[in-house]
Amino acid sequence: MDFPFLNELNDSQRRAVEYTDGASLVIAGAGSGKTRVLTYKIAYLLKTGMAPSSILALTFTNKAAREMKERIATMVGEKTARYLWMGTFHSIFSRILRSEAELIGYSKNYTIYDSADSKSLIKSIVKEMKLDDKTYKHGFVQSRISYAKNNLITPEAYLANTDLIKADNASRVPLTKDIYKIYCTRCKQADAMDFDDLLLQTNVLFKNNPTILQKYQQIFRYILVDEYQDTNFAQYLIVKKLAEQHEKICVVGDDAQSIYSFRGANIDNILQFKNTYHNAQIFKLERNYRSTQTIVNAANSLIDKNAQQIRKTVFSEKETGNPIKILSVFTDFEEGFIVANYISDLRFTSNYLCQDIAILYRTNAQSRVMEEALRKQSIPYRIYGGLSFYQRKEIKDVIAYCRLVCNPNDEEALKRIINFPARGIGDTTINKLIECAQLHAVSAWEVLTDMLKYNLPVNAGTANKLAQFRSMIDVFAEQISTQNAYDLANSIVKTSGVISDTFTDHSPESMSRQENVQELLKAIHEFCESKLVDGEPTALLSDFLSEVSLLTDQDTDKESDKDKVTLMTVHAAKGLEFKAVFIVGMEEELFPSPFCTQSERELEEERRLFYVAITRAEELCFISFAKSRFRNGKTNFSNPSRFIKDIDEQYLEMPPEAKPKQTRIGDWDDDLETERNRFQSSFSKPIFRGNNIPATPKRMVKLSNSGGDKITTENISIPIGVYVKHSVFGIGKVLETSIVNGNEKADIDFGEKGLKSLLLKFAKLEVLK
DNA sequence: AGACGCTCATTTTTT
DNA sequence: ATGAGCGTCT
């Protein structure tokens, strides 16, 4: 066949692409061209004559889907590529659910509740049930419900599941089952589905409607799934059902990169693939095109410590490269400073661009310090995660209006804006309204449509305010199918008064809110432009809403964000690659997360997470750990992560003081002064061959105890003779103070903990009166 | 009803 | 450090 693209693949990639007879599993090591195989395979299928609308390709993120679609478009043309069913599980099945909604008791315009909405709903339910919200923590209940849904356990099945009930009883939360039940009822009353519902309800749809299942089985002649290691049971079953007849399915993944079990992903899906699809062919992609040999080998030596895995030999034929540099620092602030220094150096002496560099961390909270350090050195950066555009208050407010207009039963949207801007409808009224709705088993909106019929116990004034609110929404709702999304959203913003306060108040916050709302309107406008029919923007507001709730901030890349250092969690970095990667906060109690050290299984997932982090790097990888870190309002002391020792030492460049064979990593409190010198000397060492780093780091940590810049013996901040408290050594008496290399030092007698010489800069001391 | 300011507890990862 | 929830004051 004439398909010249095949020549651009190596042998194993090519075999994986060309096999289209039955089920296949492609085990793709990190950087081995997994996406390449998927895109070429789809292009190949199209070349063999398969219609694009017969191909279903499921990805993990919108971004992955979009990029893949673009690449395919360049190979086979945009006109063909546009008809592919390509997207995330959530977006594809929300689309299918919309067209089949009536079959499962929802309407086409059902709302998608994001996790903030579910959380809020759970809170209200707990409150209404008069339960103690400290016992029934929303986080716990939410994860419990999510777990159940991901495993297709309905409230009825939950009741019947003795294990779950026992577990809840043992955890003293026996009423979780009831909350779950009510939660489902409420979602349905609100005509809303949460994220998990999109998968659960798809299963329900297929199970209860065999003809519908058949219909989609026939539509999807070939199914491809990316990141199969991260699928959960609900996703597994959807795919299995759809592929049941022909088993024309190809899944791609890497068990070594399975990092989402906390939200229900089941690594067994990929490990057991050949048991599900008996004639499955397995292809392994083992050549890594991304990273240097050192990085690949280091990552291999790490993942080798996991018992659960599909054995494979990932190798690189790129240059050997530099060892992974381990950076040992004192505090999180220093960590930021040093990383920023290295980044400056990479940029100015090695011609790295900011976009070539990423800082990866375990938790979002760590971004703060890094951010400050980068800002101080004027290094442009972009933080992913944290609160995204769509989580900003003003955006959520506008979207809530839109949601309510499209689906008046949406209780969470209603609660959000019924009194915003203030219109004299307070908590008391809202509670009455919801209580009344529950009493009659209808939505809150339904009560509003006929307050007399439902005997809503409010006075005439309040009733009037409610009626006004209702008619405002009604007016918008009437335009829902006649106005396009942009026009309607625009008039909602203008007339509802969501941002009217920003017109009188000219504070910077107000202006920024206003800008954000304009930004949102712009996005809606672009959405309409992208869906022109006969040159007319006909996209409806509900169309926009159905997409917007599944967007994340990674999907809103702006041109101005191009050449910037990337800051993100390791989770968010999956699938990406950078020339240089800094993995920071590699400490016990942080990475691995203390929540994940209970079982070997969880620990292995954390190790895989570290593996993912390392394998993002193409050329250079740095790993840092701090000896103390400011967390939750206080300083914690920490030891290097156990995972560092899992990497074969030959691929590492250890800091001079922490050669594990001589001194245990973590013995450090004996002599801070020499530590300080070592830390400085590590700067004069080249990062890698031939490049010298500027030797003197500038002072970056403000003295925790003094505001002055110059330190002299006169203004030293702790007087001799006072008693101080140290978070580790306890209470001690200051015997002597001095200045060493411009830093205040104190000799303190901690009694039985001994005599310590501490730099005030590092030791957070509290002076006792 | 609404605004303000206090105290309290809470800290993983996110389609 | 930060935010959410609560009580008090206007």
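Lettering follows sequence order; numbering is per chain, from 1. It should be emphasised that the depicted structure is a prediction, and the values quoted were computed from it without experimental measurement.
Under 4.0 angstrom from either OP1 or OP2 of dT15(B) there lies no side-chain N or O belonging to N150(A). Between T569(A) and dT12(B) there is no side-chain polar atom (N or O) within less than 4.0 angstrom of OP1 or OP2. The side chain of N364(A) contributes no N or O atom lying less than 4.0 Å from OP1 or OP2 of dT11(B). Contact check, T429(A) against dA1(B): a side-chain N or O comes under 4.0 Å of OP1 or OP2. Between dT15(B) and N62(A), no contact under 4.0 Å exists linking OP1 or OP2 to a side-chain N or O. Put simply, T363(A) has no side-chain N or O that comes within less than 4.0 Å of OP1 or OP2 on dT11(B).
Looking at heavy-atom distances under 4.0 Å, D427(A) makes no contact with the nucleic acid at all. When heavy atoms are screened at a 4.0 angstrom cut-off, R362(A) is found touching base atoms of the nucleic acid. Among the atoms of the strands shown, only primed sugar atoms or phosphate atoms (P, OP1, OP2) are found under 4.0 Å from some heavy atom of F60(A). Backbone-only contact: T428(A) has heavy atoms under 4.0 Å from sugar-phosphate atoms and none from a base.
When distances run from any side-chain atom of F262(A) to the nucleotides dA1(B), dT14(B), dG2(B), the shortest one goes to dT14(B). Comparing dT15(B), dT12(B), dA1(B) by their closest approach to the side chain of H90(A) singles out dT15(B). Here the nucleotide nearest the side chain of K123(A), chosen from dT14(B), dA4(C), dG2(B), is dA4(C). Closest to the K127(A) side chain, of the nucleotides dC6(C), dT14(B), dT15(B), is dC6(C).
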- Task: Apply salt bridge (charged side-chain N to carboxylate O under 4.0 Å, His left out) to R607(A) and D646(A), showing your working.
- Result: CA-CA 9 Å; R607(A) 194 179 278 113; D646(A) 287 339; 2.9 Å; yes
- Message: With side-chain contact (heavy atoms from CB on, under 4.5 Å) as the criterion, how do R403(A) and Y113(A) come out once you've worked through the C-alpha distance, each side chain's angles and the decisive distance to 0.1 Å?
- Response: CA-CA 10 Å; R403(A) 273 168 51 174; Y113(A) 273 177; 3.5 Å; yes
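With hydrogens and angles left out, the side chain of N632(A) and the base of dT11(B) share a donor-acceptor pair within 3.5 Å.
As a whole-Å value, the separation of Q201(A) CD from dT15(B) P is 21 Å. In this entry the distance linking CG of L198(A) with P of dT14(B) reads 19 Å, nearest Å. Rounded to an integer number of Å, the gap from CG of L97(A) to P of dT15(B) is 19 Å. If you measure from atom CD of E602(A) to atom P of dT13(B), you get 15 Å, rounded to the nearest angstrom. The distance between atom CZ of F420(A) and atom C1' of dG2(B), rounded to the nearest whole Å, is 13 Å. Atom CG of D230(A) and atom P of dT14(B) are 13 Å apart (whole Å). The NZ atom of K119(A) sits 6 Å away from the P atom of dA4(C) (whole-angstrom rounding). Rounded to whole angstrom, the span from the CD atom of Q257(A) across to the C1' atom of dT14(B) amounts to 17 Å.
Taking both residues in full, the closest heavy atoms of R616(A) and A573(A) are given as CD-O, 3.2 Å, listed atom of the first, atom of the second, then distance. Across all non-hydrogen atoms, the minimal contact from F643(A) to F610(A) is CB-CD2, 3.4 Å.
A distance of about 24 Å separates the C1' atoms of dT12(B) and dG5(C), rounded to the whole Å.
The one candidate from T231(A), T59(A), L198(A) that meets the side chain to side chain contact (heavy atoms under 4.5 Å, CB included) condition with F89(A) is T231(A).
If K137(A) and I259(A) are placed on DNA chain B by their nearest nucleotide, the residue sitting closer to the 5' end is K137(A). Comparing F595(A) and T88(A) by the nucleotide of DNA chain B whose heavy atom lies nearest to each, the residue mapping closer to the 5' end is F595(A).
In this structure, K574(A) is not positioned above the aromatic face of Y260(A) in the sense of NZ or CZ being under 6.0 Å from the six-membered ring centre and within 45° of the axis.
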